[in-house]
Amino acid sequence: MTEDGRRMEEEERGPGAVFHVFVLMEDLLEKLKLLDYEEDLLRKQNMRPISRLYFALPTNPGEQFYMFSSLAAWLINKAGRYFEQPQEYDDPNAVISKILSELRSFGGTADFPPSKLKAGYGEQVCYVLDFLAEKALKHIDFTWNRPTYPSEELEEEVVGEDDAELTLNKIEDEIVEEDSDNDEEQFIDLNVLKAQTSKLSAESSKPAEILESNTDAAEWYLEVERVLPQLKVTVRTDNKDWRAHVDQMHQHRDGMETSLGETKGYLDKLHSEVSKTLEKVTSREKYINSQLDPLIQEYRAAQAQLSELKEQHQQVTEKVTEKTQILSELNEDLEKVKQEIEEKGSSITDGAPLVKMKQALTKLKQENIQMDIRIGVVEHALLQSKLKEKSNMTRDMHAAVIPESSIDY
């Protein structure tokens, strides 16, 4: 699959399809932990634990493929099927074909090319391992238990207080704490206070004198600024109180009604303007269509004529291609004929065959002479043998005649 094809497939599946592999990888890791793969596989094979992104992103294809094949073999064995543990230098194609055959035997589907698994990462790798892990969990009858929640005692909410705010329930406690935390220098004795008040009352009873304050105005103003935040009392409302929610609902409803009253006029005006604009656009469209109707008819006629011309052009092109093919075949035949003519002409003009024929004739003549000589020699030998036989016969005849004559005498 090319890059464009993969991008189109991801767009068809949705924008979240790119992150589906990470979700699969997380589910796979949780299932492997439930199967205790760290003790059963990693320690026996001396491997490192995998991370949550191990099969989702490419890091080391060779190491990832070996980890994938080892995990797949271990999961198949966990699911109740025997599968030989693959080695690091085994043929990847053979290992992948065995894993896919086991996957199909479990009822899984493998509608992707096997080369996707050869990379050692990706959504297909996570899918195969997740499917095998699911089968392994079913084989060992794994079930989820009900969660046990720890018993927690209800604790009172501690409201954070700062120096600037006080609640009504804490005012008296703070006054007591302030009195207890004061230093000895700030401690006020009641007897001294009574003596001072009596002295002041005695002095105030003198009508001839005018009361004047001995305190500096600047110091008094600074003291007022220092104590003013502590004198501020605020009552905090409880967010869980239904009355507060009802008041908020009423406030929001009043705000919505006022906003609706203000915006309804604008919306009605906007609706009327949009309706008028749509009517103008519709009328203008009808006018343009009526004006362009003859041009559209001409365009349609020209388009139909163009389609006919295209069909004629296609037919002529097909005929030209056929004629071109026939011409190429004729050219090939012509080349063959020319080659044959050239070969025959070269053989006719060439004197080598004639020389060979003359040499053969001379050789035949020499052989004929030799044969004649041999025939003559044989005839001479035959004639000699015949003469010798004849002489032998005559001698035998004479030898036979001589004894008879001797007997007669």
Side-chain angles (χ1 to χ4, degrees), residues 1-10 13 16-144:
M1 186 184 291
T2 59
E3 188 69 23
D4 296 335
R6 184 163 58 252
R7 191 180 297 111
M8 290 176 65
E9 182 180 355
E10 290 176 356
R13 291 172 59 190
V18 183
F19 306 99
H20 182 62
V21 63
F22 299 101
V23 179
L24 271 179
M25 184 60 209
E26 287 190 1
D27 293 342
L28 170 63
L29 189 58
E30 296 298 330
K31 292 174 183 177
L32 290 175
K33 288 180 179 179
L34 292 175
L35 292 169
D36 199 10
Y37 83 110
E38 294 178 352
E39 295 291 335
D40 293 346
L41 178 66
L42 297 184
R43 288 197 176 180
K44 292 180 180 180
Q45 299 292 332
N46 196 14
M47 295 179 178
R48 293 180 299 175
I50 62 176
S51 63
R52 292 185 177 272
L53 304 176
Y54 188 79
F55 292 115
L57 298 174
T59 55
N60 188 354
E63 180 183 352
Q64 285 177 312
F65 178 76
Y66 179 62
M67 179 63 75
F68 160 71
S69 59
S70 300
L71 281 174
W74 179 73
L75 290 173
I76 291 168
N77 291 322
K78 275 283 187 181
R81 301 282 184 88
Y82 175 74
F83 194 91
E84 186 178 359
Q85 192 71 22
Q87 301 300 322
E88 191 172 359
Y89 299 103
D90 288 347
D91 186 13
N93 297 322
V95 175
I96 289 170
S97 63
K98 290 180 182 178
I99 293 172
L100 290 179
S101 64
E102 293 292 337
L103 179 72
R104 295 188 183 95
S105 66
F106 281 121
T109 58
D111 52 352
F112 52 83
S115 59
K116 293 287 185 181
L117 301 179
K118 195 173 181 181
Y121 70 93
E123 185 176 355
Q124 290 78 15
V125 172
C126 295
Y127 161 72
V128 172
L129 292 177
D130 184 70
F131 182 82
L132 294 175
E134 189 72 26
K135 292 297 179 183
L137 289 172
K138 288 183 179 178
H139 181 72
I140 64 175
D141 296 332
F142 176 79
T143 55
W144 293 98

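For this chain, numbers begin at 1 and follow the sequence in order. What's counted below: heavy atoms across the whole structure, side chains too, no hydrogens, waters or symmetry copies.
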Are there over 12 heavy-atom neighbours, none belonging to E84, within less than 6.0 Å of that residue's CD? no
Any side-chain heavy atom of L117 sitting closer than 4.5 Å to one from F112? yes
Check whether any side-chain N or O of D130 sits under 3.5 Å from a backbone N or O of L24 as a donor-acceptor pair, and report yes or no. no
Holding to salt bridge (Lys or Arg N to Asp or Glu O under 4.0 Å), I want the full list of residues that pass it with E39, two or more places apart in sequence or in another chain. R43
Please find the pair of heavy atoms, one from F131 and one from G107, that lie closest to each other, and give the distance. CZ-C, 4.0 Å
Identified side chain to side chain contact (heavy atoms under 4.5 Å, CB included) partner of L71 from the options I76, V128, L32: L32
Who pairs with E63 by salt bridge (Lys or Arg N to Asp or Glu O under 4.0 Å), at least two apart in sequence or on another chain? R48
Any heavy-atom pair between the side chains of I50 and Y37 that's under 4.5 Å? yes
Would you mind reporting whether V125 and K116 have side-chain heavy atoms less than 4.5 Å apart? no
Just wondering, are more than 12 heavy atoms of other shown residues or ligands nearer than 6.0 Å to CZ in F68? yes
Examine distances only and state if a side-chain atom of S70 and a backbone atom of M67 form a donor-acceptor pair shorter than 3.5 Å. no
Hits for side chain to side chain donor-acceptor pair (under 3.5 Å) against E134, two or more places apart or cross-chain, chain-then-number order -> K31
Indicate yes or no: at least one non-hydrogen side-chain atom of K135 is less than 4.5 angstrom from one of L75. no
Can you name the residues that form a side chain to side chain donor-acceptor pair (under 3.5 Å) with E26, not counting sequence neighbours? none
Side chains of L35 and W74: closer than 4.5 Å at any heavy-atom pair? yes
Are L57 and Y121 packed together at the side-chain level, in the sense that at least one heavy-atom pair is separated by less than 4.5 angstrom? no
Hey, are the side chains of P49 and L42 touching, using non-hydrogen atoms and a 4.5 Å cut-off? yes
Qualifying salt bridge (charged side-chain N to carboxylate O under 4.0 Å, His left out) pairs with a residue from residues 91-104, counting only residues at least two apart or across chains: R81-E102
Under the salt bridge (Lys or Arg N to Asp or Glu O under 4.0 Å) test, which residues partner D36, sequence neighbours left out? none
Report yes if the side chains of I96 and K118 come closer than 4.5 Å at any heavy-atom pair, otherwise no. yes
